[in-house]
Amino acid sequence: MNNTPSFQDIIYSLIGAIPKGRVVTYGTLAKMAGYPSYVRQVCQVIRKVPTGSTLPCHRIINGQGKLSVTGEHYIRHKKALMGEGIIFGPNDKIKLKQYLWEGFD
DNA sequence: CACCTGACCATCG
DNA sequence: CCGATGGCCAGGT
């Protein structure tokens, strides 16, 4: 038994806590987990998450308000986000000022 | 044990 | 605005 939860567990919990119609950046997610510099690890963890997971990994974007994924993932995420009422800009850019979730509702 | 990779971010010119 | 660069850390080979 680990008293100390793994970084991965924290990330998983946070992802499941993202409200609908909101998004988070990798950096924000890392800060919320308590490890602001672990942004690269967040990347590793999320990348490991299977597409069929219950976790809304499609609500995770990069700091530029754009999807950091390519190909099939990009399409899937974009559709999921639009289905939640999130509007994409002319260059498929999301307004972080409006949708970014920093832990408070 | 050393090197490479990764769905990133901030800074600089 | 955009490209290049450095930093960050763990996991895989």
Side-chain angles (χ1 to χ4, degrees):
Chain A
M1 290 72 57
N2 274 336
N3 291 347
T4 9
S6 298
F7 180 73
Q8 174 176 320
D9 295 332
I10 303 176
I11 296 302
Y12 272 56
S13 299
L14 286 173
I15 296 174
I18 303 175
K20 183 185 174 189
R22 285 269 210 278
V23 295
V24 283
T25 71
Y26 294 85
T28 302
L29 203 55
K31 285 180 191 171
M32 291 166 70
Y35 299 87
S37 308
Y38 280 42
V39 54
R40 304 299 306 239
Q41 257 51 8
V42 175
C43 195
Q44 299 275 21
V45 173
I46 293 168
R47 200 167 189 264
K48 253 183 156 183
V49 177
T51 311
S53 177
T54 58
L55 298 174
C57 51
H58 54 265
R59 294 188 185 135
I60 306 172
I61 63 179
N62 64 12
Q64 302 174 32
K66 296 191 296 189
L67 303 183
S68 307
V69 292
T70 53
E72 307 298 312
H73 291 291
Y74 184 85
I75 305 297
R76 188 188 307 278
H77 288 203
K78 184 176 178 182
K79 284 183 79 173
L81 292 170
M82 290 179 81
E84 295 185 355
I86 295 180
I87 309 299
F88 281 71
N91 281 331
D92 291 355
K93 203 150 130 198
I94 299 175
K95 296 178 181 171
L96 292 179
K97 301 269 189 185
Q98 186 176 358
Y99 296 112
L100 181 61
W101 179 63
E102 301 185 36
F104 55 89
D105 199 351

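Convention: sequence-line order gives letters A, B, ...; per-chain numbering from 1.
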What does the B/S/- profile of nucleotides 8-13 of chain B look like, 5' to 3', with a 4.0 Å heavy-atom cutoff to protein? BS----
Atom-to-atom span, [atom1] of [X] to [atom2] of [N] - whole angstrom:
X	N	atom1	atom2	value
A/R47	B/dT5	CZ	P	13 Å
A/K93	C/dC2	NZ	P	8 Å
A/I46	B/dT5	CD1	C1'	17 Å
A/Y12	B/dA7	OH	P	15 Å
A/N91	C/dC2	CG	C1'	13 Å
A/K66	C/dC1	NZ	P	11 Å
A/I11	C/dG11	CD1	P	13 Å

Is A/H73 touching bases, backbone alone, or none of the nucleic acid, heavy atoms closer than 4.0 Å?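 Result for A/H73 = nothing.
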Under 3.5 Å, is there an N or O donor on one side and an acceptor on the other linking the side chain of A/Q44 and the base of C/dG11?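 By the distance-only test, no, there is no pair.
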State the OG-CE distance between A/S13 and A/M32, to the nearest 0.5 angstrom.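 Here the rounded value is 11.0 Å.
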Contact between A/V24 and A/I15 at the side-chain level, heavy atoms closer than 4.5 Å - yes or no?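 The answer is no, as the side chains (C-beta and beyond) never meet within the 4.5 Å cut-off.
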Decide yes or no for A/K78 and A/D92: does some side-chain heavy atom of the first lie under 4.5 Å from some side-chain heavy atom of the second?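 A/K78 vs A/D92: side chains touch.
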Identify, with sequence neighbours excluded, every residue that meets ring-ring contact (aromatic ring centres under 6.0 Å, His included) alongside A/Y99.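 Partners of A/Y99 by the ring-ring contact (aromatic ring centres under 6.0 Å, His included) criterion come out as none, since no residue qualifies.
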Give me the ring orientation class for A/Y35 and A/Y38: parallel if the planes are under 30° apart, tilted from 30 to 60°, perpendicular past 60°.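 Geometry flag for A/Y38 against A/Y35: tilted rings.
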Indicate yes or no: does A/R59 engage A/E84 in a salt bridge with an N to O separation below 4.0 Å.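 Yes, charged N to carboxylate O under 4.0 Å.
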